[in-house]
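So that the names make sense, note that chain A is the first sequence line, chain B the second, and so on, each numbered from 1. Note: hydrogens, waters and symmetry copies are ignored here, and every other heavy atom, side chains too, is used.
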Amino acid sequence: MQKVFGRPEALADVPTHYCPGCTHGIIHRLIAEVIDELGVRERTVGISPVGCAVLAYDYFNCDFVEASHGRAPAVATGIKRASPNSVVFTYQGDGDLASIGAGEIVHAASRGERITVIFVNNAIYGMTGGQMAPTTLPGQKTTTSPRGRDPEVAGHPIRVCELLSSLSGAAYIARVSVTSPANVAKARRAVKKAFETQLEGRGFSLVEFLSTCPTNWGMTPVEALKWVDDKMAVYYPLGEYTRVPEVG
Amino acid sequence: MAGKVLMKGNEAVAEAAIMAGCRCFFGYPITPQNEIPEYMSRRMPEVGGVFLQAESEVAGSNMVYGAACAGARVMTTSSSPGISLMQEAISYMAGAELPCVVVNIVRGGPGLGGIQGAQSDYFQATKGGGHGDYHLLVFGPSTVQELVDLTMEAFDLADMYRNPVMILGDAILGQMMEPVEMRKRPPRADLPPKTWAATGAAGRPKNIITSLYLDPAKLEKHNLRLAEKHRRMAAEQVRYATHMTEDADVVLVAYGTTARIARAALDRARERGLRVGLFRPISLWPFPYEALAAATAGASHVLVVEMSLGQMVEDVRLALGDTKPVHFYGRTGGMSPSPREILDEIVKIVERGA
Amino acid sequence: MPKVVFNEERCKGCELCVTFCPRKVLTMAEHFNSKGFHPATITDEERCNSCTACARMCPEVAIEVYR
């Protein structure tokens with residue numbers, strides 16, 4: 001018998017604090033698998049956000065840095081500019097990236113920073129207990145949109161991939177989900193393409209994961225995955241969003 | 001650059017950083033310090049360094065955080081409103097023990113304020129503008145030469161203590177030109193290697209750089225460790241200058257540009273037979289409490305002069321208690337006191353005998 | 001040598017593996033782990049073809065697969 005599936009080396013063998021069925025765990029594993037496959041663990045520096053993944057540095061076997069809320073792309077810029085040989089990735093939630101950090105992500109992308117951003121969109125603030133996020137869907141109930149998000153009052157959800165793909169510095173932008181083994185496999189390919197974009201120095205790369213929050217959505221983990229397919233993936237279509245950068 | 005050159009304060013700060021081995025600069029335009037990022041944008045490429053204009057001071061200060069994590073000698077500069085935006089990152093760098101140099105070319109406040117020189121950021125700089133128990137080494141140069149020397153030394157001190165260091169200048173110092181000697185300054189030989197830096201866990205366990213301690217007992221322990229470091233910084237880095245305080249009846253206390261104006265007032269007072277001295281703090285944190293008490297022991301009055309409505313005066317009162325009256329005279333909003341005005345205050349104090 | 005090995009202590013009882021096993025050979029055990037979760041387990045080892053679907057869907061990386 002041969003082991004055909006196990007823990008990647010870049011993923012620490014420790015229990016995580018994530019809620020049962022939360023897909024952060026799958027996303028962490030995919031990143032670690034790609035780091036192993038590309039053989040870059042020893043020069044990778046990860047940046048953890050403020051949010052559920054604030055403890056991500058305990059879960060990876062590579063150097064890690066804690067950024068303040070929303071500033072991971074700026075911290076990553078500082079690290080990459082100071083040591084261009086490092087492989088730098090940020091791991092950010094929707095509050096971190098699309099709310100307080102909206103400025104940083106837009107400018108990191110437009111500068112074409114050679115960093116990779118893993119953006120986990122679960123349409124809610126998880127760590128703080130279920131408040132509305134910039135990606136909360138219209139009508140979606142949260143602790144700060146108790147009657148369902150009303151776009152007239154709280155605006156419309158932000159489609160980050162579409163937003164960033166308009167920027168010339170964005171060399172690879174894709175949106176994926178992990179709602180089935182097939183989608184997990186596709187997501188892994190996207191993460192690999194993103195890291196390769198960085199390694200080849202072609203510019204900024206970002207992979208947006210539609211992710212679940214069973215606890216704050218008030219669903220079972222299986223129902224939550226279905227909700228991603230039925231609701232989120234409709235508002236946030238999966239796919240690659242990189243436009244061929246126009247000349248000049 | 002051997003010998004003396006005539007340089008504008010802002011450009012001198014930039015060249016001093018480069019001479020001290022700073023190879024990463026992140027900044028943002030804000031008057032009255034624009035010449036610094038402009039100069040860096042020309043010079044950094046010449047020395048194979050990094051110059052990047054960030055999208056905001058918030059982003060810029062977090063890029064500084066990142067470069068410091070990577071072990072680079074890194075600096076940012078701004079002016080009052082921009083420094084306010086950097087406070088969170090500065091608190092994080094103090095908490096994560098990251099070395100960097102931050103230069104504040106202070107302008108009149110609060111709010112948008114003005115663009116002329118002021119000293120109304122003293123509290124923010126020395127009492128902690130960000131959250132949590134932390135301190136920065138804060139120096140107040142009063143000449144372009146001192147601005148250069150202190151900026152250069154700040155990189156060694158930041159690395160030595162693994163703590164941000166702030167240079168508190170002002171628009172006058174930044175905008176004026178003075179002859180300055182620019183000596184290349186290699187890092188101190190006794191600085192420990194940055195084994196803690198996030199450079200990639202090759203052949204070593206991973207490094208984690210964070211200021212997060214969810215367990216309060218661990219966070220308190222971390223704070224106590226930082227406090228011990230701050231005590232060491234305070235014990236080792238007190239700096240000040242005195243002029244004619246030995247026989248002084250009235251001692252002026254002023255730092256930075258204001259100290260030079262106060263010196264002119266002192267000279268005029270002396271011409272009139274008034275025994276006036278000057279005590280000039282150079283380290284604003286740690287504040288020279290004992291030295292001030294000693295230097296004013298023989299004086300019957302102390303007059304604190306600032307380009308603010310009175311901030312350092314509180315530290316002077318802390319130093320002297322009720323041993324003698326501590327008077328204050330200040331101009332603010334970008335106005336600076338004239339020697340005449342200071343002399344009038346001295347005469348009033350002496351005549352009143354209060 | 002079993003085809004799938006469950007790290008019962010890491011399982012949080014989310015049932016994603018059970019749901020996505022194409023051959024429906026997984027279920028939640030009767031007993032509890034130390035955290036109070038029913039850990040996932042295999043019912044019919046024979047019908048398992050080590051396709052790794054369960055392991056790929058596990059957020060805790062608690063499943064090893066052998067072929």
Practice task
Would you tell me whether K12(C) and T16(A) have side-chain atoms, one donor and one acceptor, within less than 3.5 Å of each other?
Solution key: yes

Problem - Side chains of T142(A) and Y125(A), donor plus acceptor under 3.5 Å - result: no

Handout entry: Under 4.5 Å from a heavy atom of chain A, the part of R56(C) involved
Key = both

Problem - Side chains of R175(A) and Y241(A), donor plus acceptor under 3.5 Å - result: yes

Completion exercise
Counting heavy-atom pairs under 4.5 angstrom with chain A, the leader among R10(C), E9(C), E64(C) is R10(C)

Problem - Pairs of heavy atoms under 4.5 Å with chain C: top-ranked of T220(A), T179(A), N183(A) - result: T179(A)

Practice task
For the residue pair T90(A) and Q92(A), confirm or rule out a side-chain donor-acceptor distance under 3.5 Å.
Solution key: yes

Problem - Centroid separation F209(A) to H24(A) less than 6.0 Å - result: no

Problem - Smallest separation among heavy atoms of T135(A) and I124(A), with atom names - result: OG1-N, 4.5 Å

Exercise for the section: Against chain A, label C58(C) side chain, backbone, both or neither, depending on which of its atoms sit under 4.5 Å from a heavy atom there. Expected result: backbone

Practice task
Select, from N7(C), V61(C), T19(C), the one with the greatest count of heavy-atom pairs under 4.5 Å involving chain A.
Solution key: V61(C)

Completion exercise
Note: vs chain A, highest number of non-hydrogen pairs under 4.5 angstrom among C14(C), P59(C), G13(C), C51(C) is P59(C)

Practice task
Identify which part of P22(C) has an atom lying under 4.5 Å from any heavy atom of chain A, answering side chain, backbone, both or neither.
Solution key: neither

